[in-house]
Amino acid sequence: MATSTLLIYGSYGYVGDLIAREAIDRGLDPILAGRSRDDLREQVDELGRPGRRFSLEDPGAVDEALVDVDCVVNCAGPFSNTAEPLVEGCIRSGADYVDITGEIPVIESIQDLDGKAREAGVTMLPAAALSTIPMDCLAAHLADRLPEADHLALGVDAVRIPSIGTVRTVLEGADTEGAVRRDGRVEHVPTAWQTREIDFGRGERPAVTMPMGDISTAHYTTGVPNVEMYAMLPQPARLALKSHRYLSPVFESKPVRWLLKQLAGVRDGPSEWARERGTAYVWGEATVGDDGEGDPDERVVSRLRTPDPYVVTADGAVTVAERVLEGDADAGFQTPAGAFGPEFVFELEGVEGFFDEVTPEASSPVSSLLQ
Ligand SMILES: NC(=O)c1ccc[n+]([C@@H]2O[C@H](COP(=O)([O-])OP(=O)(O)OC[C@H]3O[C@@H](n4cnc5c(N)ncnc54)[C@H](OP(=O)(O)O)[C@@H]3O)[C@@H](O)[C@H]2O)c1
């Protein structure tokens with residue numbers, strides 16, 4: 001049987017390199033790809049795999065590069081600049097598409113191409129990363145526990161130093177402010193719109209709403225019309241985020257954004273030592289009939305614990321690519337749990353859960369285990 005061809009675009013970035021090494025360790029023999037000749041050559045020499053240099057600005061070059069490819073994993077963020085040309089190229093060439101975006105507009109624009117991808121027989125599965133695989137599987141699990149749920153609140157406690165690429169992506173999207181899903185639609189809200197004390201699995205922590213891709217994926221997976229995504233933030237970070245409302249004209253001025261992007265211009269991220277010790281606590285709540293006063297008719301809560309966000313991202317992206325290459329995902333726009341079910345998250349190494357709270361008031365025996 002002919003082997004399938006996997007191409008990793010942005011393979012020499014911080015996360016791209018983690019994903020390339022993981023794919024090689026699993027025997028997937030990927031083609032390494034990106035736009036920089038020097039960075040790609042250096043990685044090709046080190047990892048001993050074939051390289052393919054092409055820019056996304058020329059659709060003809062994209063088509064030529066994808067001609068013999070079965071699946072693309074796009075690691076080149078900000079994805080607002082890279083997803084569209086690669087998705088369009090995949091639809092033209094018949095390759096499946098996977099990425100690690102957490103950007104809401106990118107996920108929404110890929111979802112808009114669902115019909116075209118189905119016609120072409122192409123799977124498009126964005127957000128195969130920490131945000132979204134665990135959150136999406138948790139959302140599907142909560143919807144199974146409470147099928148009539150009309151509101152999902154999801155959250156993550158994973159404080160750590162982000163990679164420079166993540167900082168750059170946040171800066172690119174800094175003018176999009178906050179976002180939640182209300183009545184099925186993405187609604188823009190102020191930065192840090194809602195704050196809440198959440199027990200992610202190690203006691204209550206302060207959290208704020210964040211515009212993460214999960215408000216798209218959890219909605220498409222479960223059909224629940226209202227979704228909020230929270231992230232644990234310590235007090236200084238919360239204040240900084242809130243002040244961003246008032247400082248945003250400063251951040252958005254061209255010279256300041258240029259300077260911040262230059263400062264973020266060094267490619268790096270958490271060390272192997274830090275990745276081995278990192279943990280993420282993932283929390284979710286499904287409710288029915290929440291009147292906004294915190295007194296719903298019914299409420300269920302579940303949790304997960306995962307390894308370090310960057311470890312989950314590399315493991316998750318490669319596991320999704322493997323399943324897509326095996327033909328396990330249908331054509332069209334897919335979410336991780338939509339394609340593979342809520343239990344898919346346990347295919348990733350070191351993920352523990354689902355820890356279900358039996359009643360809202362009862363202290364969860366499992367959450368105390370996690371402290
Ligand atoms: N969803 C999640 O949970 C999650 C987790 C981790 C990371 N991420 C996201 O993943 C992305 C990558 O992070 P990182 O830390 O690996 O960043 P990084 O080290 O800066 O790498 C980014 C890569 O993208 C390439 N790239 C950027 N813009 C491009 C363009 N217009 N055309 C072609 N290539 C382009 C870069 O190539 P050049 O050097 O040639 O520019 C580089 O290879 C970020 O957007 C980050 O937010 C998401």
Side-chain angles (χ1 to χ4, degrees), residues 7-22 32-44 51-59 61-62 65 72-86 89 98-107 110 125-136 154 156 158 160-174 210-217 229 231 261-271 275 278 280 282 306-318 320 335-336 348:
L7 180 141
I8 301 176
Y9 194 80
S11 62
Y12 51 80
Y14 174 75
V15 182
D17 189 61
L18 295 178
I19 288 174
R21 287 169 195 269
E22 183 70 27
L32 308 173
R35 65 180 170 181
S36 158
R37 188 183 302 277
D38 292 346
D39 290 336
L40 186 60
R41 179 167 298 153
E42 196 182 310
Q43 188 187 39
V44 161
R52 202 165 279 182
R53 188 184 78 85
F54 61 101
S55 148
L56 302 179
E57 275 150 33
D58 173 6
V62 175
V72 171
V73 176
N74 180 14
C75 310
F79 295 90
S80 48
N81 300 330
T82 66
E84 190 184 329
L86 274 172
V98 173
D99 73 28
I100 57 165
T101 188
E103 297 161 53
I104 297 163
V106 171
I107 299 171
I110 295 177
L125 202 156
L130 175 81
S131 172
T132 274
I133 297 172
M135 245 74 73
D136 196 45
L154 304 167
V156 61
R160 59 137 49 265
I161 298 166
S163 72
I164 294 301
T166 300
V167 173
R168 198 181 294 122
T169 299
V170 171
L171 288 174
E172 286 272 334
M210 295 288 277
M212 292 167 71
D214 307 277
I215 71 153
S216 291
T217 44
M229 179 67 203
K261 284 190 194 180
Q262 300 314 302
L263 290 173
V266 186
R267 184 176 304 118
D268 211 347
S271 66
R275 289 196 306 271
V282 180
T306 81
D308 181 83
Y310 287 96
V311 172
V312 172
T313 297
D315 188 357
V318 176
V320 165
T335 58
L348 311 191

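Start at 1 and go down the list; that is how both ligands and their atoms are numbered.
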Inset, instruction - Just let me know how Thr82 lines up against ligand 1, side chain, backbone, both or neither, with a heavy-atom cut-off below 4.0 Å. - result: side chain
Inset, instruction - With sequence neighbours excluded, tell me which residues meet salt bridge (charged side-chain N to carboxylate O under 4.0 Å, His left out) with Arg21. - result: Asp17, Glu46
Inset, instruction - Looking only at distances, please establish whether an N/O atom of ligand 1 is found under 3.5 Å from an N/O atom of Ser131. - result: yes
Inset, instruction - Output yes when the distance from some N or O of ligand 1 to some N or O of Val15 is under 3.5 Å, and no in every other case. - result: yes
So if I count the atoms of ligand 1 from 1 in the order they appear, which ones are less than 4.0 Å from some heavy atom of [X]?
X: Tyr12; value: 37 (O), 38 (P), 39 (O), 40 (O), 43 (O)
X: Gly77; value: 11 (C), 22 (C), 24 (O), 27 (C), 28 (N), 45 (O)
X: Thr101; value: 1 (N)
X: Gly102; value: 1 (N)
X: Gly10; value: 43 (O)
X: Tyr310; value: 6 (C)

Inset, instruction - Give me the ring orientation class for Phe54 and Tyr9: parallel if the planes are under 30° apart, tilted from 30 to 60°, perpendicular past 60°. - result: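 Tilted, since the angle between the ring planes falls between 30° and 60°.
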Legend entry - Backbone of Phe79 reached by a side-chain donor or acceptor of Glu103 within 3.5 Å: yes
Legend entry - Arg35 side-chain N/O to Leu56 backbone N/O, donor-acceptor pair under 3.5 Å: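 Absent.
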Legend entry - Min heavy-atom dist Cys75 to ligand 1 below 4.0 Å: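 A heavy atom of Cys75 does come that close to ligand 1.
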Inset, instruction - With atom 8 (N) of ligand 1 as the reference point, say which of Asp39, Ile100, Asn81, Ile133 has the nearest heavy atom. - result: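 Answer by nearest heavy atom: Ile100.
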Inset, instruction - Could you check which of Tyr9, Tyr14, Phe79 puts a non-hydrogen atom nearest to atom 11 (C) of ligand 1? - result: Phe79
Legend entry - Minimal non-hydrogen separation, Tyr12 against Gly34, with atom names: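 In this case the closest contact between Tyr12 and Gly34 is CE2-CA, 3.7 Å.
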Inset, instruction - For residues Ala127 and Ile107, report the shortest heavy-atom separation together with the two atoms involved. - result: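 So the minimum-distance heavy-atom pair works out to CB-CD1, 4.0 Å.
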Legend entry - Euclidean distance, Glu22 CD relative to Thr313 OG1, rounded to 0.5 Å: 11.5 Å
Inset, instruction - Could you tell me which residues satisfy side-chain hydrogen bond (donor to acceptor under 3.5 Å, both in side chains) with Ser55, sequence neighbours excluded, listed by chain and number? - result: none
